[in-house]
Amino acid sequence: EKLSVFYSFGVNTKYRSKEILTAIFEYVKVKLKYNFYSVMYEYNIRAINWLQKCGMEIDPLYKPSDDTIYLKYDICQ
């Protein structure tokens with residue numbers, strides 16, 4: 001299974017409205033062809049929560065390192 005990687009992102013606080021964040025994630029889904037993953041540091045709670053709200057799921061079976069979390073988005077999930 002080949003997945004794209006969603007990494008190194010940030011959204012300026014003045015653009016963090018629900019409408020803009022939804023549009024950003026929709027754009028990401030289309031560009032990455034609806035199947036991708038992201039690896040986040042565990043302390044990045046805000047980003048992890050946002051990605052989960054967008055439909056990404058934490059994969060507890062895959063742990064890249066002790067202080068990271070692997071999140072996956074799959075259109076078929």
Student: From D59 CG over to D74 CG, what is the distance, rounded to the nearest 0.5 angstrom?
Tutor: 11.0 Å

Student: Looking at F36, is its backbone amide N or carbonyl O close enough to the side chain of S4 to form a donor-acceptor pair, meaning the two atoms are under 3.5 Å apart?
Tutor: no

Student: In this structure, are over 12 heavy atoms from other groups packed under 6.0 Å from K31 atom NZ?
Tutor: no

Student: With sequence neighbours left out, what residues match Y70 under ring-ring contact (aromatic ring centres under 6.0 Å, His included)?
Tutor: Y37, Y62

Student: Is there a chain of hydrophobic side chains (I, L, V, M, F, W, Y, each step under 4.5 Å between heavy atoms) that links Y15 to F6?
Tutor: yes

Student: Looking at N35 and I75, what are the two nearest heavy atoms and their distance?
Tutor: OD1-N, 3.6 Å

Student: Would you find more than 12 non-hydrogen atoms of other residues, nucleotides or ligands less than 6.0 Å from F9 atom CZ?
Tutor: yes

Student: Please tell me if the side chains of Y73 and V28 come closer than 4.5 Å, counting only heavy atoms from C-beta onward.
Tutor: no

Student: Cluster question for you: counting only ILVMFWY and a side-chain heavy-atom cut-off of under 4.5 Å, with indirect links fine, are Y41 and V11 together?
Tutor: no

Student: Closest approach of L32 and V5, non-hydrogen atoms and distance?
Tutor: CD1-O, 4.1 Å

Student: Which atom names give the shortest non-hydrogen contact between Q52 and I58, and what distance separates them?
Tutor: NE2-CD1, 3.5 Å

Student: Quick one: CG on L21 to NZ on K18, what's the gap to the nearest 0.5 Å?
Tutor: 10.5 Å

Student: Can you tell me how far apart CD (E42) and OG1 (T68) are? Round to the nearest 0.5 Å.
Tutor: 7.0 Å

Student: Can you tell if the side chain of D67 reaches within under 4.5 Å of the side chain of Y43, non-hydrogen atoms only?
Tutor: no

Student: Hey, does R46 have a side-chain heavy atom less than 4.5 Å from the side chain of R16?
Tutor: yes

